[in-house]
Q: 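So that we are looking at the same thing, I have put the structure below in structure tokens.
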Amino acid sequence: MPDTAQHVPPRTVEKLPRVFYRLALGDALSTYGSQLDLVALSLFAYEAAGNALGTAGYLILRLTGGLVGGLVSGRLVARTDRRRLMTGCALAQAVALIVVALVPAPARIPVLYLLALVFGGAAAVCAVALRTSIPEMVGSERRARANSLMASCRSAAMVLGFASAGVVVAWAGFRAALLIDASSFVVFAAVVLRLPLRTRPEAAGADSGTDGSSGSGADGGKGKRFGSRWQALIVLRAAPVVGAMAGIRLLDAFGSAAHNISLPVFANQHDPGNPAALLGTFWATWAVGNLAAQQLVSRLLLRRGIEPGERAFALGTCLMSGCFILVFTGLPTPLFLLVAIGAGLGDGFTEISYTTRIQALTDERRGQAFGLLASAENVGMGTGMLLSGSLLALFSPLTVVGVSHAVPIVLALGFLVLVARSRTR
């Protein structure tokens, strides 16, 4: 399990194609729409069902769609035109939002639950296709810089989406908010469709409209091999580090579900007069740390020709999980803000390092690996929401979050030891 952090000449990572910035902004816009519709549709489900079970059912179905999307995405990105795949997934989410916005009141809940699978599945497939295509879009030597840019834009969009969701829904209403969300996916689809960058290796055939062939390409045979029922096992056998990272990401997603559910409880306990202010302060500070991580990677590592590898992934996981535990210990405000920044830093380092590491795989394995990770994250998040919500009725937020985040810390430290020993050998 060698550490694959790579040293590349600084001159090879100085610039990204100018059109790639357009893609990063388009992806940020669709991310904003995703966060906005996540909040709006959760509230919509609660209002339509009249109880919290409505929201829980919607979220579970959405995560189930993400799980299924992750499982099939490896085959899809190997066999189909990735540009059209991303465009189709974005438009599918836009159409689903429009349907939910316009459906008559008596049919809202059945339609919403049915389309929850579309939201989760389409988002997972689109994310896998995009991450798989980035090395071909910008060149393998510049993928870490591209991931850093994408993560920066996405983090800012996530915070803006969460922060503005309540205001948009309160000011414009559910239907208008959902139509605004739909427009963000339409814009992303248009950006991808017109992007003059290839999304698969030249030897494997290019996407239509840019490189002059259909989407299946010469890697069709390999795509079929990796599209078999044993495709995940094939990838894990060829790249066992992916399996280790997937396991850590699964339990990390469980911890993420725990702190997301526990934060409102913690805020009401420690600032009952204005819990929203505490939550807003935390997530805004977390975003500062997350954006700082992207800048540190770009300025301190990539300019020196160093790509983050497995060690950065493990250390980032430990920092993130450790800081999230400390958030719930009732620290004074200055320390609370400091650990919030630390949580954002760890989250940012982890995102860039694991994405960059998996993009080092060959094209036919890359899509399946990202699909495996997407499925693992959705399983962890869904399981975490179910268990954490139940455990909070019995234990304090600190206990629930502490146990949930302690497990990925232990695994990440073990992973770090294995990487160090392998490097020594």
Q: Does any part of the side chain of Leu315, heavy atoms only, come nearer than 4.5 Å to the side chain of Phe349, both counted from C-beta?
A: no
Q: In this structure, which one of Leu326, Ile325, Thr285 forms a side-chain contact (heavy atoms from CB on, under 4.5 Å) with Val339?
A: Leu326
Q: Atom CE of Met381 and atom CZ of Phe254: how far apart are they, to the nearest 0.5 Å?
A: 11.0 Å
Q: Tell me, which pairs form a side chain to side chain donor-acceptor pair (under 3.5 Å) where one or both residues lie in residues 176-187, sequence neighbours left out?
A: none
Q: Decide yes or no for Phe415 and Met245: does some side-chain heavy atom of the first lie under 4.5 Å from some side-chain heavy atom of the second?
A: yes
Q: Distance-only, no hydrogens or angles: does the Gln93 side chain make a donor-acceptor pair with backbone N or O of Phe185 under 3.5 Å?
A: no
Q: Nearest heavy-atom pair of Leu85 and Ala129: which atoms, and what distance?
A: CD2-CB, 4.1 Å
Q: Heavy atoms only: give me the nearest Arg366-Ile358 pair and the separation to one decimal.
A: CG-O, 3.7 Å
Q: Which pairs pass side chain to side chain donor-acceptor pair (under 3.5 Å) with one or both residues in residues 314-328, sequence neighbours excluded?
A: Ser321-His405
Q: Minimum heavy-atom separation for Val138 to Ala146, with atom names?
A: CG2-CB, 3.9 Å
Q: Please check if the side chain of Arg83 supplies one atom and the backbone of Leu195 the other of a donor-acceptor pair under 3.5 Å.
A: yes
Q: Given side chains that start at C-beta, do those of Leu319 and Leu345 come closer than 4.5 Å, heavy atoms only?
A: yes
Q: If the condition is side chain to side chain contact (heavy atoms under 4.5 Å, CB included), which residues does Ala107 pass it with, not counting sequence neighbours?
A: Val103, Val111
Q: Taking atom types as modelled and ignoring hydrogens, do the side chains of Arg145 and Ser148 form a donor-acceptor contact shorter than 3.5 angstrom?
A: no
Q: At their closest point, which heavy atom of Ala374 faces which heavy atom of Val128, and how far apart are they?
A: CB-CG2, 4.2 Å
Q: Between atom CG of Leu373 and atom CD1 of Ile248, what is the distance when rounded to the nearest 0.5 Å?
A: 10.5 Å
Q: Between Leu178 and Ile98, does a side-chain contact (heavy atoms from CB on, under 4.5 Å) hold up when you go through it step by step?
A: CA-CA 7 Å; Leu178 295 180; Ile98 293 172; over 6 Å; no
Q: What verdict does the side-chain contact (heavy atoms from CB on, under 4.5 Å) test give for Thr87 and Leu91, after you've listed the backbone C-alpha separation in whole Å, the side-chain angles of each residue and the deciding distance to 0.1 Å?
A: CA-CA 6 Å; Thr87 302; Leu91 292 178; 4.0 Å; yes
Q: Apply side chain to side chain contact (heavy atoms under 4.5 Å, CB included) to Asp27 and list each qualifying residue two or more places apart in sequence or on a separate chain.
A: Ser30, Thr31, Leu130, Met150, Arg154, Phe188
Q: Among residues two or more places apart or on two chains, list those pairs meeting side chain to side chain donor-acceptor pair (under 3.5 Å) that have a residue in residues 376-392.
A: Arg249-Glu377, Tyr354-Glu377
Q: So, taking the atom named CG in Leu76 and the one named CG in Asp81, what distance separates them when rounded to the nearest 0.5 Å?
A: 12.0 Å
Q: Any idea how Phe336 and Phe266 line up, ring-wise: parallel (<30°), tilted (30 to 60°), or perpendicular (>60°)?
A: parallel
Q: Does Asn260 reach the main-chain N or O of Ser256 with its side chain, forming a donor-acceptor pair under 3.5 Å?
A: yes
Q: Looking at every heavy atom in both Asn290 and Ala151, which two are closest together, and how far apart are they?
A: OD1-O, 4.3 Å
Q: Got Leu149 and Phe20 here, is their nearest side-chain heavy-atom distance under 4.5 Å?
A: yes
Q: To the nearest 0.5 Å, how far apart are CG in Asp252 and CD1 in Ile409?
A: 9.5 Å
Q: Would the distance check show the side chain of Arg357 and the main-chain N or O of Glu310 forming a donor-acceptor pair, the cut-off being under 3.5 Å?
A: no
Q: Return yes if a side-chain donor-acceptor contact under 3.5 Å exists between Asn147 and Thr356, otherwise no.
A: yes
Q: Would you mind reporting whether Leu337 and Phe282 have side-chain heavy atoms less than 4.5 Å apart?
A: no
Q: Looking at Arg142 and Glu136, is there a salt bridge between them, counting it only when a charged N and a carboxylate O are closer than 4.0 Å?
A: no
Q: Quick one: sort the His259 and Phe324 rings into parallel, tilted or perpendicular, breaks at 30° and 60°.
A: parallel
Q: How many angstroms lie between atom SG of Cys153 and atom OH of Tyr32, to the nearest 0.5 angstrom?
A: 15.5 Å
Q: Anything under 3.5 Å between a donor and an acceptor, one on a side chain of residues 65-74, the other on a protein residue two or more places apart or in another chain? List them.
A:
unit_1: Ser73; atom_1: OG; unit_2: Gly69; atom_2: O; d: 3.3
unit_1: Ser73; atom_1: OG; unit_2: Gly70; atom_2: O; d: 2.9

Q: Apply the test side-chain contact (heavy atoms from CB on, under 4.5 Å) to residues Leu115 and Val99: give CA-CA distance (whole Å), side-chain angles for both, the deciding distance (0.1 Å), then the verdict.
A: CA-CA 9 Å; Leu115 293 179; Val99 171; 3.9 Å; yes
Q: Looking at SG of Cys126 and CE of Met86, how far apart are the two atoms once the value is rounded to the nearest 0.5 Å?
A: 6.5 Å
Q: Using a 3.5 Å distance criterion without hydrogens, assess whether the side chain of Thr355 forms a donor-acceptor pair with backbone atoms of Ile352.
A: no
Q: Can you check whether Gln359 reaches Ile134 side chain to side chain, under 4.5 Å on heavy atoms?
A: yes
Q: Kindly indicate whether the side chain of Leu117, heavy atoms from C-beta on, has any atom under 4.5 Å from the side chain of Arg62.
A: no
Q: Indicate yes or no: at least one non-hydrogen side-chain atom of Val192 is less than 4.5 angstrom from one of Leu23.
A: yes
Q: Looking only at heavy atoms, what is the nearest atom pair of Val400 and Ala258, with distance?
A: CG1-CB, 4.3 Å
